Amino acid sequence: MQPLQIQNSLTGKKEVFEALNPPNVGMYVCGPTVYSNVHLGNVRTFLSFDIIYRYLEFIGYKVRYVRNITDVGHLVGDADEGEDKIGKMARLQKVEPMEIVQKYTNDFHDVMRVFNILSPSIEPTATGHIIEQITAIEKILDNDYAYEVNGNVYFSVRRFSDDYPYGELSGRKIDELLSNTRDLDGQSEKRDPLDFALWKKADETHLMQWPSPWGMGFPGWHLECSVMSTKYLGNRFDIHGGGMDLKFPHHECEIAQNVAANKVEKTVNYWIHGNMLTVNGRKMAKSEGNGFTPEELITGNHKLLERGYSPMTVRFFMLMGHYGSTLDFSNDALIAAEKGLTKLTKAVETLQKLTPTEKENKNISVSDLSDKCYAAMNDDFNTPVLIASLFEGVKWINSASDGRIELNQDQIDGLKTIYTGFLGNVLGLENEDLNTEKSSGGEDLATNLLDLLVELRTDAKANKDYAGADRIRNTLSDLGVNVTDGKDGSSWSHE
RNA sequence: GGUCCGAUGGCCGAGUGGCUAGGCUCAGCUCUGCAAAAGCUGCUACAGCGGUUCGAAUCCGCUUCGGACCUCCA
């Protein structure tokens with residue numbers, strides 16, 4: 001097994017990854033709240049964990065990857081006083097809340113597929129785990145870390161912090177939190193402003209509600225993740241991930257709930273937080289109005305975009321930065337990514353056609369390159385460094401193709417293993433060009449006609465009829481077919 | 001106001017005590033009928049000011065600027 005190091009948000013240190021139960025790994029990632037379309041910032045987080053999932057599997061772990069769908073209990077505005085986001089949207093659109101849930105869950109899945117983000121092993125929903133959540137609340141009440149007021153149940157942070165640490169993950173101290181908490185004008189039933197809701201009472205007009213020992217109501221947002229992670233991964237598991245913005249209060253509350261319910265102190269060994277996607281240095285967020293939907297990005301239909309970019313370009317762009325750093329989104333960066341990815345994918349195509357030489361090229365070590373790729377990923381999933389290594393191989397491939405250097409069969413096979421493994425399996429960058437060529441058949445009329453045109457042009461060149469040769473090339477270029485002259489004759493490619 | 005993070009060449013973006021990140025752009029060269037592609041070469045940067053050190057972009061301090069969280073957000 002590879003010596004993998006992970007930046008652990010809980011300790012703030014880079015630590016060697018040791019699975020609790022190798023080769024099995026349990027990983028939980030907070031999924032979306034399905035009340036509106038996902039934007040690119042959301043995509044970045046799920047992409048980051050897609051890479052982590054893929055790499056863990058790549059190096060031999062068997063990962064149970066749980067990523068939830070939040071379909072109830074996430075409130076608009078102030079954590080415990082607002083309206084349920086999904087309920088609100090249902091009211092606005094005059095449909096059933098579950099129609100909202102279905103619509104945006106579908107959208108989410110479509111987007112994940114477009115960006116080649118793998119499905120988790122289990123994708124549980126909050127509404128599917130109401131009973132488990134009620135059970136957890138009862139346990140927390142039994143352990144005396146929560147209290148009920150008029151059909152609402154609140155978690156007592158002060159009471160909890162007497163027995164266990166609270167705020168470890170986000171580096172917060174109870175007293176500092178208190179002094180910075182907004183005054184809720186005493187209209188809250190909470191005994192302490194730090195307390196948060198485990199169960200909320202619902203009146204008759206509330207759309208989503210369930211019976212409970214405290215009356216009709218619905219669960220608090222933080223609870224579902226506590227319950228679903230422990231249900232499918234156990235009281236202690238390996239990795240918990242999510243966006244940086246969920247660190248506090250969401251993840252902090254999640255930990256407190258688990259500890260309070262099960263009295264197990266350490267619930268998660270490695271916390272991983274993905275950083276934000278920014279636009280002009282500011283976090284991409286719906287409230288800022290700077291969010292892009294994936295569709296706007298692909299079509300280029302957005303005021304900040306000059307044109308559209310393919311999903312794989314966007315995926316590559318995001319992987320050129322490390323998941324733990326903010327990443328700034330701009331036209332120039334996307335153009336650079338597009339060109340870089342094209343270079344990379346073309347080299348992989350070239351690699352398939354390379355003719356091996358007898359002698360091994362002693363100046364080139366494919367195994368060193370392979371080691372570098374592993375080392376990059378072992379160092380906290382450093383995709384930008386991995387990509388830099390992959391470009392090193394691109395030079396070898398192109399040089400070999402041009403006859404400048406030699407590569408024998410073993411070296412070519414070694415390179416194929418690297419690119420299939422790291423570019424394909426780990427980074428999940430599929431060659432879009434190859435896919436479209438496959439779908440068009442390959443041996444059809446157009447292919448034959450193009451081959452004929454290129455042959456005619458070659459004849460024209462042989463006869464020094466350059467005007468005729470250029471005419472063929474220019475006309476084809478206007479049709480989206482590029483003709484290039486190489487060492488071994490001319491070839492064409494379709495964009 | 002509190003907590004934390006960041007500031008890297010024309011752009012994006014890694015790295016983190018001494019050794020080339022990488023991609024894109026730009027200029028020159030090779031190849032080529034021309035072009036494209038590819039290869040080679042160059043532009044050699046680490047916010048500012050102090051300090052530690054034989055040596056700092058990398059450690060420490062201060063300053064300036066930016067961001068995130070503290071309320072919903074991936």
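If you're wondering where the values come from, they're calculated on a predicted model, not measured in any experiment. All heavy atoms count here, side chains included; hydrogens, waters and symmetry mates do not. Chain A is the first sequence line, chain B the second, and so forth, proteins listed ahead of strands; every chain is numbered from 1.
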Engineer: Sticking with atom C1', work out how far B:C31 lies from B:A74, rounded to a whole angstrom.
Structural biologist: 49 Å
Engineer: Identify whether any heavy atom of A:Lys286 sits under 4.0 Å from a base atom; if not, whether one sits that close to sugar-phosphate; answer base, sugar-phosphate or nothing.
Structural biologist: nothing
Engineer: Check every strand shown and say whether A:Ala388 touches a base, only sugar-phosphate, or nothing at a heavy-atom separation below 4.0 Å.
Structural biologist: base
Engineer: Counting any heavy atom closer than 4.0 Å, what does A:Met276 reach on the DNA or RNA strands: base, sugar-phosphate only, or nothing?
Structural biologist: base
Engineer: Rounded to the nearest Å, what distance is computed from the CD atom of residue A:Gln5 to the P atom of nucleotide B:G15?
Structural biologist: 13 Å
Engineer: Would you measure the distance from the C1' atom in B:C59 across to the matching atom in B:C70 and give it in whole Å?
Structural biologist: 30 Å
Engineer: Heavy atoms under 4.0 Å, any strand shown: does A:His39 hit a base, just sugar-phosphate, or nothing?
Structural biologist: base
Engineer: Treating A:Thr458 as the side-chain partner and A:Val454 as the backbone partner, does any N or O pair qualify as donor plus acceptor under 3.5 Å?
Structural biologist: yes
Engineer: A:Ala469 has a side chain; which of B:G33, B:A21, B:C12 sits nearest to it?
Structural biologist: B:G33
Engineer: My understanding is that a pair needs two contacts under 3.5 Å, Watson-Crick or G-U wobble. By that rule, which nucleotide pairs with B:C26?
Structural biologist: B:G42
Engineer: Quick one: the side chain of A:Arg282 and the base of B:G6, do they pair up donor-acceptor inside 3.5 Å?
Structural biologist: no
Engineer: Could you state the atom-to-atom distance from CE of A:Met377 to P of B:A14 in whole Å?
Structural biologist: 14 Å
Engineer: Show, in sequence, the C-alpha distance, side-chain angles and deciding distance for A:Lys283 and A:Asp245, and conclude whether the side-chain contact (heavy atoms from CB on, under 4.5 Å) test is met.
Structural biologist: CA-CA 10 Å; A:Lys283 177 183 170 183; A:Asp245 47 1; 3.3 Å; yes
Engineer: Any chance the side chains of A:Glu15 and A:Thr11 put a donor and an acceptor closer than 3.5 Å?
Structural biologist: yes
Engineer: Using a 4.0 Å heavy-atom cut-off across all strands, classify A:Phe248 as base, sugar-phosphate, or nothing.
Structural biologist: sugar-phosphate
Engineer: Does a nitrogen or oxygen in the side chain of A:Asn398 sit under 4.0 Å from OP1 or OP2 of B:A38?
Structural biologist: no
Engineer: Which listed nucleotide (B:A38, B:G33, B:A14) is nearest to the side chain of A:His322?
Structural biologist: B:A14
Engineer: Is it the case that the side chain of A:Asp195 and the backbone of A:Lys190 share a donor-acceptor pair, with hydrogens and angles ignored and the cut-off at 3.5 Å?
Structural biologist: no
Engineer: If you check the A:Pro384 side chain, which of B:A74, B:G13, B:G33 turns out closest?
Structural biologist: B:G13
Engineer: According to the Watson-Crick and G-U wobble definitions, with both distances under 3.5 Å, which nucleotide is paired to B:A21?
Structural biologist: none
Engineer: Do you know the tightest heavy-atom contact between A:Ser170 and A:Phe248?
Structural biologist: OG-CD1, 3.3 Å
Engineer: Please measure how far the C1' atom in B:A45 lies from the corresponding atom in B:U16, and state the result in whole Å.
Structural biologist: 15 Å
Engineer: Using both distances under 3.5 Å as the test, list the Watson-Crick or G-U wobble partner of B:A14, or none.
Structural biologist: none
Engineer: Please identify which of these residues, A:Leu386, A:Leu4, A:Leu319, meets the side-chain contact (heavy atoms from CB on, under 4.5 Å) condition with A:Phe381.
Structural biologist: A:Leu4
Engineer: Between A:Phe49 and A:Arg67, is there a cation-pi geometry (under 6.0 Å to ring centre, at most 45° from the normal)?
Structural biologist: no
Engineer: Report yes if at least one side-chain N or O of A:Lys173 is closer than 4.0 Å to OP1 or OP2 of B:U3; otherwise report no.
Structural biologist: no
Engineer: Does A:Gly281 or A:Gly321 map to a spot on RNA chain B nearer the 5' end, using the closest nucleotide for each?
Structural biologist: A:Gly321
Engineer: What interatomic distance, in whole Å, is found between C1' of B:C19 and the corresponding atom of B:A56?
Structural biologist: 14 Å
Engineer: What integer number of Å spans the C1' atoms of B:U8 and B:U3?
Structural biologist: 26 Å
Engineer: Could you give the CD-to-P distance, from A:Glu306 to B:C11, as a whole number of Å?
Structural biologist: 16 Å
Engineer: Among A:Asn116, A:Leu40, A:Ile117, exactly one meets side-chain contact (heavy atoms from CB on, under 4.5 Å) together with A:Leu47. Which residue is that?
Structural biologist: A:Ile117
Engineer: Is there, by distance only and without an angle test, a donor paired with an acceptor across the side chain of A:Asn382 and the base of B:G15 below 3.5 Å?
Structural biologist: no
Engineer: Return no unless some side-chain N or O of A:Ser325 is found under 4.0 Å from OP1 or OP2 of B:A14.
Structural biologist: yes
Engineer: In whole angstrom, what separates A:Asn37's CG from B:A74's P?
Structural biologist: 13 Å
Engineer: Given B:A14, B:A74, B:A38, which nucleotide is nearest the side-chain atoms of A:Leu246?
Structural biologist: B:A74
Engineer: Could you check whether A:Arg473 gets within reach of a base, just the sugar-phosphate, or nothing at all, counting any heavy atom under 4.0 Å?
Structural biologist: base
Engineer: Closest approach to the side chain of A:Tyr466, judged atom by atom: which nucleotide of B:G23, B:G33, B:C69 is it?
Structural biologist: B:G33
Engineer: Pick the nucleotide of RNA chain B nearest each of A:Phe329 and A:Ile387; which residue has the one closer to the 5' end?
Structural biologist: A:Phe329
Engineer: Kindly point out which of B:G33, B:G39, B:C70 is positioned nearest to the side chain of A:Lys461?
Structural biologist: B:G33
Engineer: Using atom CD1 of A:Ile86 as one end and atom P of B:C72 as the other, report the distance to the nearest whole Å.
Structural biologist: 16 Å
Engineer: Any strand counts, and the cut-off is 3.5 Å on both contacts for Watson-Crick or G-U wobble. Which nucleotide pairs with B:G9?
Structural biologist: none
Engineer: Could you work out the separation of B:C49 and B:G15 based on their P atoms and round it to a whole Å?
Structural biologist: 26 Å
Engineer: Can you measure A:Leu369 atom CG to B:U20 atom P for me and round it to whole angstrom units?
Structural biologist: 18 Å
Engineer: How many whole angstroms separate atom CD of A:Glu288 from atom C1' of B:A68?
Structural biologist: 11 Å
Engineer: Of all the nucleotides listed (B:G39, B:C34, B:G13), which has the minimum atom distance to the side chain of A:Asp470?
Structural biologist: B:C34
Engineer: Which part of the nucleic acid does A:Asp328 contact within heavy-atom distance under 4.0 Å: base, sugar-phosphate only, or nothing?
Structural biologist: sugar-phosphate
Engineer: Please confirm whether the shortest side-chain N or O distance from A:Lys343 to OP1 or OP2 of B:A38 is below 4.0 Å.
Structural biologist: no
Engineer: Let me know the distance between CG of A:Asp245 and C1' of B:C72, rounded to the nearest Å.
Structural biologist: 10 Å
Engineer: Taking a pair as Watson-Crick or G-U wobble with both distances under 3.5 Å, which nucleotide is matched to B:G33?
Structural biologist: none
Engineer: Between the base of B:C34 and the side chain of A:Asp485, is there a donor-acceptor distance below 3.5 Å?
Structural biologist: yes
Engineer: Applying a 4.0 Å non-hydrogen cut-off, can you work out what A:Gly41 is touching in the nucleic acid: base, sugar-phosphate, or nothing?
Structural biologist: base
Engineer: Which part of the nucleic acid, if any, lies within contact of A:Arg471, taking any heavy atom under 4.0 Å across all strands shown: a base, the sugar-phosphate backbone alone, or nothing?
Structural biologist: nothing
Engineer: For B:U3, what is the paired nucleotide under Watson-Crick or G-U wobble rules, both distances under 3.5 Å?
Structural biologist: B:A68
Engineer: Answer yes or no on whether A:Lys13 is positioned over the face of A:Tyr270, meaning its NZ or CZ is under 6.0 Å from the six-membered ring centre and within 45° of the axis.
Structural biologist: no
Engineer: Mind checking if A:Leu277 touches a base, just sugar-phosphate, or nothing, with heavy atoms under 4.0 Å?
Structural biologist: base
Engineer: Which of these nucleotides, B:A68, B:A36, B:G39, is closest to any side-chain atom of A:Thr484?
Structural biologist: B:A36
Engineer: Kindly check if the number of other-residue, nucleotide or ligand heavy atoms within 6.0 Å of NZ (A:Lys416) is above 12?
Structural biologist: yes
